[in-house]
Amino acid sequence: MSETRQSLTVPGSRWWKIDFHTHSPASNDYKKKDATVNNWLKAAMTAGLDGVVLTDHNSGDWIDKLKAQNEILCQQSSKSDWYHELTIFPGVEITVADSSSRIHLLAVFAPNYGSSEITAILGACGITSGFGDETNTAASKGFLAVVGEIKKAGGIAIPAHIDGAQGLLNEKTTLTPELKKSLNDIFAAEFRDIHAFVSASSDLKQALESIAKVGGSDAHKPDDIGKYSSWVKMSSPSIEGLRLALRDHVLCVKNQSENPNHDPDIYLTGITIRNMSVCGHIPGQQFAVALHPHFNSLIGGRGTGKSTLIESIRLATRRDQSLSDNPRVKEKIEHFVELSKDKGVMQDDTEILLELKRRGVAYQLRWRKDGNESVLDEMQNDAWVPVEAGDIQERFPVSIYSQKQIEELASNSRGLLEIIDRTPEVNRSEWQMRWDNTASQYFQLKERERDLSHRLAGESHLRVSLADVEKDLKQYEEKGHGEILKNYQKRTQQWNALPREEDFDEIEQQISGIIPTLSFSDFPSHIFDDGDGTRAEIQAIHEQAARELQMIAEQMQNLARDVTAICQRWKTASDNSKFVDEYKKSVAAYNALVDEYSKKQSSVNLATYGEWVSQRNQIQHQLRELESVKKDLKTTRKQIHSLQEEFKVLRAELLNKRTEFVKAVVGSNPYVRMEFVAFGDASTIEREYRNLLELDESRFVDSVYEPDTNRGILYSMVQWEKPGTTEKDLLTLLAAVKTQTVNIANGVEQGNDKRFAARLQRLLNEKPESFDRFDIWYPEDLLRVKYSSESDKSHFNDLEKGSAGQKAAAILAFLLSYGNEPLIIDQPEDDLDNALVYDLIVNQIHKNKDRRQLIIATHNPNIVVNGDSELVHVLKFTGGQIRLDRQGGLEEIPVRESICTIMEGGKKAFEQRYKRISLEDGNHV
């Protein structure tokens with residue numbers, strides 16, 4: 001989130017930096033008497049103050065001067081670089097002389113007060129002279145009476161430096177009856193040390209808990225202005241806003257140096273609706289609502305357009321496209337969009353413009369009934385420029401929940417699980433990609449395993465065939481014929497590998513073939529002139545080369561004759577060699593064997609022997625290949641096992657992410673508990689099992705799951721929550737389901753139904769990949785949601801046993817506990833009693849709204865008032881149109897009046913929050 005001052009242009013409440021105690025030269029003890037009003041204002045603005053309370057000692061002399069110069073600076077067309085808007089709260093530091101001490105009391109008044117009003121108030125307190133003197137001037141009335149005069153004049157009484165000199169509690173550590181009366185009559189005090197009184201008596205500390213601690217510089221020279229200050233939450237610097245903020249100091253006052261004005265990374269800034277039949281339909285009167293970065297409340301009577309506004313946001317953010325699992329809400333949206341022009345809200349030219357900011361960049365989402373126009377614009381140089389939209393739901397995350405969606409989530413924990421899985425902490429989509437990639441590898445390996453196993457299936461047949469062939473060869477070779485054939489084959493192979501006469505002839509021919517190429521053509525003398533001086537030289541070079549080539553040609557002819565001579569010598573030597581003699585003997589023996597078998601007319605001949613040898617070699621080669629297949633199969637199965645373990649790791653990782661997320665979000669929430677049971681969601685086990693194995697829903701009931709007779713493979717798994725089974729048994733039960741199913745498919749087990757067994761066996765034969773998917777099937781984790789009743793937060797019951805209100809409370813506790821994206825909820829409180837609203841929703845709103853934008857449509861004033869809504873939007877339906885009646889912060893009287901008029905219990909909610917304040921008292925609080 002980024003620090004910002006741009007909230008100045010946004011309606012509703014923001015934090016304002018205010019110095020509650022400053023002086024001017026109107027105070028006698030001011031240290032820089034020559035300071036000018038311009039010096040003074042520049043110092044306040046340079047300090048980054050939004051508001052400053054001028055509280056001179058018993059004087060209002062400088063108030064009009066400062067206000068006048070401040071107005072001049074504001075109206076200047078060319079402003080100084082140090083200028084920014086500053087609200088001056090007129091005030092005075094009154095010296096109250098009690099019996100034993102002199103106490104300083106700050107009086108703060110509305111910005112429209114002037115010096116004369118301050119003088120009149122001082123007169124009412126008994127100060128008519130000695131203005132500016134804090135030493136010798138004092139009120140003639142006591143502390144409580146002066147406080148009363150300040151209140152009567154519409155001001156706020158704030159004891160100055162309460163923990164220091166001239167402070168109401170200076171050197172006090174216990175609560176006396178007189179002091180108790182004084183503290184009961186104020187609701188704010190200036191503290192020099194906000195941690196003062198930590199060692200005071202418990203009753204004094206308790207009395208101080210209801211008092212706002214504010215900071216003031218007590219500046220007696222310009223340079224000290226803003227040295228100490230407080231951040232105050234209100235719509236604009238006003239006495240009403242100040243009064244309410246100090247009354248509700250826990251939520252509306254911060255004593256810190258850091259600017260608490262932070263905008264979320266993404267938030268909606270406004271929505272405009274044009275040409276909807278009930279909204280923005282009157283020419284020139286489009287419906288436009290500016291939105292606050294933090295907590296927005298939509299209020300109005302029934303039918304004033306709160307849901308219309310929210311569903312329009314759903315359309316603009318394309319969240320209607322993610323409602324496939326919530327048919328009731330999807331049907332409502334489709335009805336909202338598709339109704340006829342006469343009866344429905346949408347027209348053909350209806351247009352919704354949703355402005356939002358994402359990381360400081362302004363965008364505008366467009367939705368039109370006719371689908372025309374660009375989807376997304378970006379603010380560039382103060383103009384909307386169409387840009388590529390991309391995935392709108394991913395780029396601009398917004399969570400929208402209607403009352404029906406909350407009901408669905410309460411009745412089906414799968415919906416909650418989907419929300420959890422979409423969070424960045426869990427990121428199910430990224431996990432699913434890794435799971436799918438692993439599954440793809442697994443399926444490829446299983447297909448390879450089947451292929452390798454199929455190739456190995458003929459190994460035993462090959463080994464039998466090899467044994468038969470080797471037996472025949474053995475018998476044949478034992479008669480000696482084998483040796484003759486072996487010798488013949490060896491000598492023939494050797495003979496064929498030696499050179500032949502033809503080889504020498506080819507060499508001689510190759511050499512002779514080169515000789516004609518070893519010559520030049522005659523010197524081209526015809527292209528040289530008779531008088532060319534270069535001719536003689538180049539001709540001599542040419543002829544010399546020609547003579548040398550002729551010599552080489554003659555040498556080559558001699559080489560060719562040498563090759564012929566070598567061939568003759570080789571032939572003579574070879575014919576007389578021992579090898580040729582052995583070769584001729586082997587040929588003679590072979591020919592004699594051929595003659596023998598020819599004469600016998602035997603069915604076994606030399607060709608058969610050759611076939612046997614070839615067959616043996618082929619079988620041996622195949623078996624060697626199968627040894628490689630075996631190694632490959634072993635490796636493949638090892639990889640399969642590794643991936644099977646990886647699937648378990650991935651599921652454990654998902655469970656751990658889910659568990660850690662729920663633990664971080666829900667933690668020790670007093671109303672809701674969430675826990676996961678690995679593989680424990682029994683609601684879809686049968687459906688998933690049947691889908692994987694292609695079993696019709698109505699068939700094989702007894703074999704699959706029959707709860708009435710406690711039968712079926714899945715019975716123990718589906719009914720795991722029955723006595724006798726624990727969560728730890730689930731993985732064992734799942735393994736048993738898989739083993740029994742695969743055994744039946746493989747014919748290892750018959751089962752109770754032969755038709756069921758036949759169906760599985762046929763599926764395994766025809767679609768074995770179905771069993772691959774079955775191998776890695778794991779039921780979904782069970783999200784168990786429990787709630788605690790308002791009266792007993794130590795005991796938690798299963799959510800399904802709770803009332804509608806308790807279910808809604810548990811779901812809301814979760815939805816309001818996590819996330820940074822804008823959260824929009826439509827009337828969440830209808831089923832909740834006020835205790836749940838206050839204790840649950842209000843507390844969660846306080847924890848959420850600083851980090852994210854909230855937009856809640858509600859009929860319950862506690863959500864608006866005690867939830868401390870930064871901006872209240874009051875809707876009304878008049879003249880057939882939804883209109884924005886008014887909008888503003890809670891300290892604005894018209895807004896408070898609307899809350900009390902529209903919302904039952906509105907006045908009570910204000911009294912509960914602001915305690916002694918009511919709309920009837922003279923201060924309109």
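Sequence positions, counted from 1, serve as the residue numbers for this chain.
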Practice item. Flag the pair D775 and K738 as a salt bridge only when some basic side-chain nitrogen lies within less than 4.0 angstrom of an acidic carboxylate oxygen. Key: no

Practice item. To the nearest 0.5 angstrom, please state how far the CD1 atom of I392 sits from the CD atom of E394. Key: 12.0 Å

Check your understanding: How about E697: does its CD atom have over 12 heavy atoms from other parts shown lying under 6.0 Å from it?
Key -> no

Revision key, fill the gap. Taken to the nearest 0.5 Å, the spacing of N427 CG from R434 CZ works out to 9.0 Å

Point to revise | Nearest non-hydrogen partners of E821 and P397, listed with the distance | key: CB-O, 3.3 Å

Exercise for review: Fit a plane to each ring of F814 and F661, take the angle between them on a 0 to 90° scale, and name the class: parallel (under 30°), tilted (30 to 60°) or perpendicular (over 60°).
Suggested key: perpendicular

Check your understanding: Any side-chain heavy atom of R651 sitting closer than 4.5 Å to one from F679?
Key -> yes

Check your understanding: Should F647 and T438 count as side-chain neighbours, where that means a heavy-atom distance under 4.5 Å?
Key -> yes

Review point. Do you see a donor-acceptor pair shorter than 3.5 Å between the side chains of D696 and S698?
Key: no

Review point. What's the spacing between S642 OG and Y442 OH if we round to 0.5 Å?
Key: 11.5 Å

Revision key, fill the gap. Between Y818 and the options V666, I420, I419, the side-chain contact (heavy atoms from CB on, under 4.5 Å) test singles out I419

Check your understanding: Taking everything shown except E645 itself, do over 12 heavy atoms lie less than 6.0 Å from its CD?
Key -> yes

**Study point:** CZ/R690: more than 12 non-hydrogen atoms of other groups inside 6.0 Å
**Key:** yes

Point to revise | Exercise: do W431 and E653 side chains pair donor with acceptor under 3.5 Å | key: no

Review point. Does CZ belonging to R428 count more than 12 external heavy atoms closer than 6.0 Å?
Key: yes

**Study point:** Identified ring-ring contact (aromatic ring centres under 6.0 Å, His included) counterpart of Y689 within the set F700, F774, Y705
**Key:** F774

**Study point:** Pairing of R414 and E418 as salt bridge, 4.0 angstrom limit
**Key:** no

Review point. So does R395 have more than 12 non-hydrogen atoms from other groups sitting under 6.0 Å from CZ?
Key: yes

Exercise for review: Report the distance from atom CD of E749 to atom CG of N743, rounding to the nearest 0.5 Å.
Suggested key: 4.5 Å

Check your understanding: Picking from K767, K446, E449, what satisfies side-chain contact (heavy atoms from CB on, under 4.5 Å) with D772?
Key -> K446

